[in-house]
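Every chain is numbered from 1, with letters handed out A, B, ... down the list of sequences. Computed from a predicted model, the values in this text were never measured in an experiment.
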Amino acid sequence: MAHTCIHWFRKGLRLHDNPALMAALRDCKEIYPVFILDPYLHNNTCVGINRWRFLIGALKDLDCSLKKLNSRLFVLRGKPEDVFPKLFNEWKITKLTYEYDSEPYSLSRDKRVTTLAKEHDVEVIYKISHTLYDIERIIEENNGKAPLTYNRMQALLKTLGPPKRPISAPTMEHMEDVKTPYSENHEKKYGIPTLDELGQDATALGEEMFPGGEQEALRRLDEHMTRTGWICSFEKPQTSPNSLSPSTTVLSPYVTFGCLSARTFWWRLTEVYQGRKHSDPPVSLHGQLLWREFFYTASLGIPNFNKMEGNPVCTQVDWDTNPEYLAAWREARTGFPFIDAIMTQLRQEGWIHHLARHAVACFLTRGDLWINWEEGQKVFEELLLDGDWALNAGNWQWLSASTFFHQFFRVYSPVAFGKKTDKNGDYIKKYLPLLKKFPAQYIYEPWKAPPSIQQAAGCIVGKDYPRPIVEHEVISKKNIQKMKLAYAKRPKSTAESPSKKQGVKRKAPSVVDMLKKKSKVK
DNA sequence: TTTACGTTGTACTT
DNA sequence: AAGTACAACGTAAA
């Protein structure tokens with residue numbers, strides 16, 4: 001007997017490489033494509049206006065693509081646990097399909113919805129298509145633990161082989177015997193929300209740099225894939241955090257919302273690499289997708305992954321509570337132009353380069369302000385178009401040297417780091433036009449400019465632009481010592497003889513270093 | 001137990 | 001552009 005199905009879109013806002021949607025269309029007479037505005041996920045505190053705009057764009061594009069298949073998108077409002085029982089009854093549903101999502105809230109929500117579905121005699125089918133791999137399998141392969149290093153991750157993936165190939169989007173042939181019953185007043189009942197309905201002030205919006213949606217995602221993917229030389233020589237650490245236009249693909253928002261399948265991206269890259277010399281993970285574009293996989297795996301295998309407390313791999317640090325510092329960082333008024341420019345770009349455009357994220361994250365946490373990484377995590381979640389639960393938590397732990405990365409003595413300078421790729425400070429001038437008349441010599445540290453130069457620039461530090469809120473050279477050294485202390489308090493998994501051999505070990509590394517350098521000749 | 005290594009530090013020297 | 005000191009961590013493999 002043919003089914004009456006709901007396909008539930010959450011992430012995975014696309015038709016291509018959507019195995020759960022294809023499962024819905026098998027033996028199907030009626031399909032209801034559904035998206036639910038869940039007050040838990042979509043409240044105003046964790047979703048900024050740029051992310052709302054991206055989501056609305058993605059939903060519009062989805063509805064547009066579904067129309068071409070004689071179907072429509074049904075947008076509902078409310079808790080999924082409340083919405084589904086009504087839909088099951090009203091539409092006489094027999095099958096529910098969705099894409100697997102490993103976020104803790106999603107897992108608990110989907111469990112509750114599955115229970116409700118069973119009570120209504122609704123068959124539930126879910127498929128894995130948000131990540132390259134079944135990340136539970138990766139954890140199994142590592143004896144039940146998430147790998148904590150990229151190397152280990154790569155070794156595990158080697159045993160699993162390459163990711164599955166993506167599947168095509170449904171066509172009219174798949175829809176031959178399938179209908180979507182929608183009425184004249186569909187827009188009124190199930191329409192896509194406007195910014196206004198969501199309580200957002202649309203007049204506050206800037207130019208839309210990255211419009212949401214699957215069609216836009218695939219168009220951008222195609223465009224990038226034509227740049228074969230660039231793709232093959234791509235090395236993430238060599239790309240610039242402060243170029244005036246993005247030095248990377250910025251496909252991340254599309255992958256985050258599932259407008260673009262990670263597997264589609266992966267295999268398109270494989271095609272470009274084919275028969276050509278190319279860079280490799282971790283720095284290559286394949287490598288970037290594997291980093292995503294790495295953090296997804298960690299987020300599933302490590303409890304309380306988005307918190308310090310109760311997180312077994314996270315170094316417990318006595319971060320300060322300092323609302324003034326936090327507000328200065330969030331609102332781009334730290335007095336360090338490089339930091340403030342990045343935070344301005346983040347708020348305006350919803351995207352900043354990965355290394356720019358490093359600079360501001362290090363500054364907020366272990367580098368300068370000594371504020372808990374969870375505070376930064378919240379701000380990024382609100383403002384980043386590619387704000388992803390797992391990647392955001394993982395990268396904040398990385399940058400704060402809480403786990404994954406442990407060389408806490410390597411601190412980014414809020415002055416020096418940006419100069420490497422933008423000596424003139426053009427990036428700063430773009431996002432902080434107030435400072436645009438400062439000569440290059442002072443653009444990264446305007447407080448050092450003599451009064452006459454400040455006057456000539458039309459910007460007096462301490463009046464028009466803030467003085468630096470901390471003295472980086474001093475505070476970063478203090479903070480390194482505080483990190484050392486926090487590390488010393490870490491519970492040791494193996495019993496070790498502590499201080500005995502330390503005096504000897506001090507000298508040894510220099511010999512090791514010398515040997516290392518000899519072998520590093522390229 | 002020891003060793004190698006870690007996507008993306010800074011500041012100074014050669 | 002490449003090398004080196006700085007002060008020095010944990011993980012995973014050997």
Side-chain angles (χ1 to χ4, degrees), chain A residues 142-143 145-156 234-242 247-248 279-295 298 312-315 317 352-363 366-368 394-395 397-421 444 472-473 476-522:
Chain A
N142 199 39
N143 306 313
K145 289 177 296 186
L148 294 176
T149 66
Y150 194 87
N151 260 344
R152 182 80 195 124
M153 179 77 177
Q154 282 188 286
L156 295 165
F234 184 93
E235 293 191 358
K236 187 63 165 280
Q238 303 308 318
T239 57
S240 163
N242 48 6
S247 59
T248 53
S279 56
D280 284 306
V283 295
S284 65
L285 280 165
H286 263 176
Q288 304 314 301
L289 287 168
L290 295 183
W291 278 109
R292 175 174 181 268
E293 210 72 5
F294 175 77
F295 287 124
V313 301
C314 182
T315 305
V317 178
I352 50 178
H353 185 278
H354 186 61
L355 291 177
R357 301 179 198 201
H358 278 219
V360 296
C362 182
F363 186 85
R366 65 185 168 89
D368 297 83
N395 279 307
Q397 284 172 86
W398 183 293
L399 260 302
S400 61
S402 297
T403 190
F404 305 121
F405 174 83
H406 304 95
Q407 289 145 295
F408 53 75
F409 39 88
R410 290 188 184 169
V411 176
Y412 289 92
S413 160
V415 171
F417 186 64
K419 284 185 186 169
K420 286 197 290 191
T421 43
Y444 284 87
H472 173 74
E473 285 71 21
S476 62
K477 287 196 172 66
K478 279 187 190 163
N479 288 346
I480 288 172
Q481 293 312 309
K482 289 206 272 188
M483 279 306 286
K484 192 175 153 75
L485 226 64
Y487 267 64
K489 287 186 192 158
R490 276 167 59 117
K492 295 237 161 61
S493 50
T494 50
E496 279 176 276
S497 56
S499 58
K500 199 187 107 191
K501 63 192 175 197
Q502 286 230 328
V504 188
K505 282 234 86 182
R506 279 285 140 79
K507 297 279 172 201
S510 61
V511 181
V512 175
D513 281 348
M514 283 170 71
L515 289 169
K516 202 192 293 176
K517 265 143 209 167
K518 274 186 186 170
S519 66
K520 245 190 177 171
V521 177
K522 277 197 172 176

Tell me whether A:Tyr150 contacts the main-chain N or O of A:Gly287 through its side chain, where contact means a donor paired with an acceptor under 3.5 Å.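 Confirmed, A:Tyr150 side chain pairs with A:Gly287 backbone.
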Determine whether a donor-acceptor pair (N or O, by modelled atom type, separation under 3.5 Å) exists between the side chain of A:Arg366 and the backbone of A:Met483.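 Pair absent, no side-chain N/O of A:Arg366 close to backbone of A:Met483.
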Tell me which pairs pass salt bridge (charged side-chain N to carboxylate O under 4.0 Å, His left out) where either residue lies in residues 285-294 of chain A, with sequence neighbours left out.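 Not a single pair qualifies under salt bridge (charged side-chain N to carboxylate O under 4.0 Å, His left out).
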Any N/O pairs under 3.5 Å between the protein and nucleotides 9-13 of chain B? List them or say none.
residue	atom	partner	partner atom	Å
B:dT10	OP1	A:Ser413	N	2.8
B:dT10	OP2	A:Lys420	NZ	3.3

Starting at atom [atom1] of [X], determine the distance to atom [atom2] of [N], rounded to an integer number of angstrom.
| X | N | atom1 | atom2 | result |
| --- | --- | --- | --- | --- |
| A:Asn142 | C:dT11 | CG | P | 13 Å |
| A:Gln407 | B:dC5 | CD | P | 14 Å |
| A:Tyr150 | C:dT11 | OH | C1' | 17 Å |
| A:Ile352 | B:dT8 | CD1 | P | 19 Å |
| A:Ile480 | C:dA8 | CD1 | P | 8 Å |
| A:Trp291 | B:dG6 | CH2 | P | 11 Å |
| A:Phe404 | C:dA12 | CZ | P | 11 Å |
| A:Leu285 | B:dT8 | CG | P | 17 Å |

Side-chain atoms of A:Tyr487 come closest, of C:dG10, B:dT7, C:dA8, to C:dG10
Between B:dG6, C:dG10, B:dT8, which nucleotide gets closest to the side-chain atoms of A:Trp398?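 Of B:dG6, C:dG10, B:dT8, B:dT8 is nearest to the side chain of A:Trp398.
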For [N], does either OP1 or OP2 sit under 4.0 Å from a side-chain N or O belonging to [X]?
| X | N | result |
| --- | --- | --- |
| A:Arg490 | C:dT11 | yes |
| A:Arg152 | C:dA13 | yes |
| A:Lys484 | C:dA7 | no |

Go ahead and write out DNA chain C as dot-bracket, 5' to 3': ( ) for pairs within the strand, [ ] for ones crossing earlier pairs, | when the partner sits on another strand, dots for unpaired; Watson-Crick or G-U wobble, both distances under 3.5 Å. ||||||..||||||
With the side chain counted from C-beta on, respond yes when [X] and [Y] share a heavy-atom pair under 4.5 Å apart, and no when they do not.
| X | Y | result |
| --- | --- | --- |
| A:Pro241 | A:Phe417 | yes |
| A:Val317 | A:Lys482 | no |
| A:Pro282 | A:Leu290 | no |
| A:Phe404 | A:Asn395 | no |

Quick one: sort the A:Phe405 and A:Trp398 rings into parallel, tilted or perpendicular, breaks at 30° and 60°.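 The rings of A:Phe405 and A:Trp398 lie parallel, inter-plane angle below 30°.
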Shortest non-hydrogen separation from A:Tyr412 to A:Leu399 and the atoms involved: CE1-CD1, 4.1 Å
C:dG10 and B:dT10, which share atom name C1', separated by this distance in whole Å: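 Approximately 22 Å lies between the C1' atom of B:dT10 and that of C:dG10.
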Between C:dA8 and C:dT4, how far is it from one C1' atom to the other, in whole Å?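 Result for the C1' pair: 16 Å, nearest Å.
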Distance alone, cut at 3.5 Å: any donor-acceptor contact between the side chains of A:Thr248 and A:His353? no
Is A:Leu148 touching bases, backbone alone, or none of the nucleic acid, heavy atoms closer than 4.0 Å?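 Counting heavy atoms under 4.0 Å across all strands, the contact made by A:Leu148 is with sugar-phosphate only.
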Base, sugar-phosphate alone, or nothing: which one does A:Gln288 contact when heavy atoms must sit under 4.0 Å apart?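 Here A:Gln288 touches the bases of the nucleic acid.
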